[in-house]
Amino acid sequence: MTKFYIQTVEALIILGLCVMVGLTFTSAMMRFIPGVGGIFWAEEITRYVSIWVVFLAAGVGMRFGVHLSVDMLALAVPEGLRRALFIFAYIMSILFQGVLVYYGTQLAISNYAQQSASLQIPMTYAYAAIPVGAFIMLCETLRLIYLELTGHSTAAQPQAD
Amino acid sequence: MIGILFSSFLILLVLGVPIAFAIGLGALVPIILQGNIPLSLVVSRMFGGIDSFPLMAIPFFVLTGTLAGACKLTDRIAALAAFMVGNLRAGLAHVNIVASMLFGGVTGSAVADAAATGSMMIPAMRSQGYPAAYSAAVTAASSVIGSIIPPSTMMIIYGFLTGVSTGRMFVGAIIPGIMVGLALMLVAHFQAIRLGIGYDANAKPRTLSGFWLILKDSGPAMVVPVIIIGGIVGGFFTPTEAGVVAVVTILVLGSIYYRSFTWARLRAAFMTAGYTTAMVMMILAASTVFANLLTRARFQSTLIDMLSTVSSVPEIQMLLVIALLLFLTLFIDATAVLIMFAAPLAAVFSTLGYDPVHSGIVVVVACLIGGVTPPVGTLLFIAAGIARISVGAASRAILPFVLALIAVTLIILFIPPLATWLPSIAFD
Amino acid sequence: ADVTMRVGTVYQTSHTISQGSAEFERLVEERSNGEIDVQVFYAEELGSEREMAEMTRAGGLEMVLSGLPGTGAFVPQIEVMEAFYTYDNLEELATVVGAIADDLNAFMEPQGFHLVGYMYQGPRNLLSTRPVREFDDMAGLRLRIPQTPLFVALAQSWNATPTAISLGEVYTSLESGVIDAVEGTSETIVSSRFYENANYLTVTRHNFYPQPMVVNKGWWDGLSEEHQAVINESAQDAAAYQLSLHKDAEAAAMQTMRDSGVEIIEVDTAPFSEPVLAAMDEYIKSKGEEVYAVYQKMLETAAEQ
Ligand code: NA
Ligand code: NA
């Protein structure tokens, strides 16, 4: 189940990147054909797909310690206090993720009438990336708190940049 | 307001809250206290902060780097570097630096450079008997070049936030990037003498037939930087499009010419690029709200006033700014510092009468140095991790290299043409 | 003050729209005897035009000066007010928009907006790196346009190659040759310094357009009749003031370009307008009868001038 969820999100991230590469490349190349001017909606789709990629990767990336933090203090204090600091940091993260989920949902729903400039599709589809990604982030952070409380170390190992 | 904003951010940061969330929460505090800005604005501003086509160059240039690693382009680049400088004293250290310079023309990120060249060069150096700390220091310091030599995500971010042409920043950073490489080679040489490192026994002699072999194998890989810079300067692509063309070029090279992709490596390359992009963009999104509050609180003019209180000499004010950046990046990730301060600093420098491309490159290089300085230095951590030594040991070994990096920054600061000459002949 | 009115505009304080907004603030506060406190936020201080329209609709801002990129994202029907080659000059624009203001407001109200007035923009002209002296010079010109269907239709009817480049990349793209031309008002061209990289301005005068002053409808309905009247009158007078500034600003922007060596090319606009008008008719028809009826009204009012 867990494996299926992670594989699905990862597949969506890879698909999103492929769409971004494919569309931008095609549009840039089409400019070299006289009289054809690239795909006028390619930029818009690329931007919105990238926002989906960012929020999905930020969500599931929580699990892999993608989000940089300053752990100087945590590393300098004894085990028990370190654990308390981690849990504090996770609770603070959840606060912000909660704001993103709540107000992001509001933003996505209330802007159904708003249309994107090129394709004139509801902005809901773009905005929805925020609450969806933030919800994944929130669940992943809860998991980290659970791990920390049950005695597993969740010290972040940077995976990426 | 500026006080509340910074103190809530810094407290959360020190307590270990991930940078993106600490910035976002730090911005929420004054918004809630003031009460006249709706909270939904925070979310739509975050969206607006990353809803930008020029920023798409970041995923593309990060993907370029991870794909280059996935199809072992890095090995071939290292072979080319070995041919060029492998016969010098402490040859592998120089190969490490030159490989970073060449790889820097392919990837947009110092971290990708550190991971790619480090995982290849550090084991090689260790097996030849180089000290572990020295190997880690050379790797970390030279990976900075990956973000100076174009393409560079840091230059893209700076250009996006300040309106300075990314293309000009790219071209302007070529000479500074080469200078950093040469300065590091110089330090590597003197450190080698001090540490008693001699010539590599198994460095291959340079022959014409060897040259042809190298050229056949690594030549096509060097097409990538040519396409990127040539495409932008020649007016064929925007920087974002150049990024995508580079991605496609590597995909084609890797699958047709080198035939070295596997599905697992491709998948890993895409995922690493996705995660890296997410990390940078989340900081950028949260910083948009933060920067918005700074603007409303007239932070730029406060900063300019503070600088002019200390001194009225522009050069001294510039030095103060660089010192401030070096200090901040001791503790905060270089990208985050750049994102938070690029716009206000650009305003300061234009008031001081500096060329925007020149001052932009100085700011970016100063921030990048923070990537190798302890206690928080991502590049140093990566190199220390690969070399399996403590961050403390790596920190001591990197000190002379950091001094060289600072020296180069100051040289660029006081000799503007180093940054402005190439863009002026490329674009004007 | 009894009522606080937060107003947002994307323009820098030096822009005529911003100066008109400052005048609006002064008039409303004076005429309401300080009962209405107006706070203007300039230069995207609160966010982009789209974000500010969003905020106005949600009640986070009382008024926004916003056309297609903001209000139009919610009320696509108002696209018609920016139709190309419908107005020949600013006076005609003022008369025609006056005639359709109620129709525009009828489109806006169901989305929670109310139209209190409008300022004036235009004309938009063509700035290019190689001279466009007659219609045939347009063929194959890589023209950067805002990425909306209306502008795609404009570029296509000119036989230009519509090129999707975001505004932030226009300056460098003109410099490096990714695009050959951009179109916009003289004020935009000068404030974004596009003329530094392109030396020919063809006076196509393809677009004059209103800048609607849009308030949150719920907030508006809750105001006293006196306050509504003060805001309506002040909006009118502020707009008249902006219009008077606009002509000087337009002339000054043209002079700035001339001084820096831009060649201003006057052309017969008829060959440029004919194919565009034909394409527009078809496009606006596809937007439904209601919108097409407003377009007809615009053309009729303009023809009477
Ligand atoms: Na690079
Ligand atoms: Na550091």
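In what follows, every chain begins at residue 1, and chains take the letters A, B, ... in the order their sequences are listed.
- More than 12 heavy atoms of other residues, nucleotides or ligands sit less than 6.0 Å from atom CZ of A:F32.
- If you measure heavy-atom distances from A:Y102 to chain B, you find no contacts under 4.5 Å at all.
- In this structure, the portions of A:L85 lying under 4.5 Å from any heavy atom of chain B include both its backbone and its side chain.
- If you measure heavy-atom distances from A:E43 to chain B, the contacts under 4.5 Å come from both the backbone and the side chain.
- Counting heavy atoms of neighbouring residues, nucleotides and ligands inside a 6.0 Å radius, atom CZ of B:F236 does not exceed 12 of them.
- Annotation: A:Y5, atom OH; neighbour count of heavy atoms from other residues, nucleotides and ligands within 6.0 Å is above 12.
- A:A134 does not touch chain B: none of its heavy atoms, backbone or side chain, sits under 4.5 Å away.
- Counting heavy-atom pairs under 4.5 Å between each of B:L39, B:I283, B:L12, B:L63 and chain A puts B:L39 at the top.
- In this structure, the separation between CZ on A:R31 and OG1 on B:T238 is 6.5 Å, given to the nearest 0.5 Å.
- Nearest heavy atom pair, residue A:G104 against residue B:V43, reads CA-CG1, 3.8 Å.
- Atom-to-atom distance recorded for B:R267:CZ and A:I14:CD1 is 5.5 Å, nearest 0.5 angstrom.
- Atom CG of residue B:D51 and atom OH of residue A:Y127 lie 8.0 Å apart, to the nearest 0.5 angstrom.
- For a residue to count as touching a neighbouring chain, one of its non-hydrogen atoms must lie under 4.5 Å from one of that chain's; by this rule B:V245 touches chain A with backbone and side chain alike.
- Looking at B:L13, both its backbone and its side chain come within 4.5 Å of chain A, counting heavy atoms on both sides.
- B:F53 approaches A:T24 most closely through the heavy-atom pair CZ-CG2, 3.7 Å.
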| task | Take B:M46 and A:L100 through the test side-chain contact (heavy atoms from CB on, under 4.5 Å) and record every step on the way to the result. | result | CA-CA 10 Å; B:M46 281 183 68; A:L100 291 186; 3.6 Å; yes
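- For B:S52, the part lying under 4.5 angstrom from a heavy atom of chain A is the backbone only.
- Of all the heavy atoms in B:A278 and A:A58, the pair that sits closest is CB-N, 3.5 Å.
- Of the two parts of A:M29, only the side chain, counted from C-beta on, holds a non-hydrogen atom closer than 4.5 Å to a non-hydrogen atom of chain B.
- Nearest approach of A:V66 to B:Y275, heavy atoms of both residues: CG1-O, 3.4 Å.
- Residue A:M20 holds its CE atom at 9.5 Å from OG1 of B:T240, rounded to the nearest 0.5 Å.
- Summarising the geometry, atom CD1 belonging to B:I23 is positioned 9.5 Å from atom CZ belonging to A:F96; distances are rounded to the nearest 0.5 Å.
- Nearest approach of A:A57 to B:G274, heavy atoms of both residues: CB-O, 3.6 Å.
- Taking the side chain as every heavy atom from C-beta outward, B:V17 and A:S69 never approach each other to under 4.5 Å.
- The heavy-atom pair separating B:M279 from A:H67 by the smallest distance is CG-CA, 4.4 Å.
- Proximity of A:Y48 to B:F47: side-chain heavy atoms (C-beta onward) are separated by under 4.5 Å at one or more points.
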| request: Quick one: do B:F21 and A:M137 satisfy side-chain contact (heavy atoms from CB on, under 4.5 Å)? Show the steps, please. | output: CA-CA 11 Å; B:F21 306 140; A:M137 261 188 266; 3.5 Å; yes
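- Residue B:L28 touches chain A through its side chain alone, counting heavy-atom pairs closer than 4.5 Å.
- Side-chain contact check for A:V53 versus B:T277: every heavy-atom pair is 4.5 Å or farther apart.
- In this structure, CG on A:L68 lies 12.0 Å from CD1 on B:I332, to the nearest 0.5 angstrom.
- Counting non-hydrogen atoms of other residues, nucleotides and ligands closer than 6.0 Å to CZ of B:F261 gives a total above 12.
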| request: Carefully, step by step, assess B:V42 and A:Y103 under the rule side-chain contact (heavy atoms from CB on, under 4.5 Å). | output: CA-CA 9 Å; B:V42 172; A:Y103 289 100; over 6 Å; no
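- For a residue to count as touching a neighbouring chain, one of its non-hydrogen atoms must lie under 4.5 Å from one of that chain's; by this rule B:V14 touches chain A with backbone and side chain alike.
- Contacts between A:Q97 and chain B at a heavy-atom distance below 4.5 Å involve the side chain alone, from C-beta outward.
- Note on A:N111, A:L107, A:V99: by heavy-atom pairs under 4.5 Å with chain B, the leading option is A:L107.
- At a 4.5 Å heavy-atom cutoff, the contact between A:F25 and chain B is made by backbone and side-chain atoms alike.
- Looking at B:L379, there are no atoms closer than 4.5 Å to chain A (heavy atoms on both sides), in backbone or side chain.
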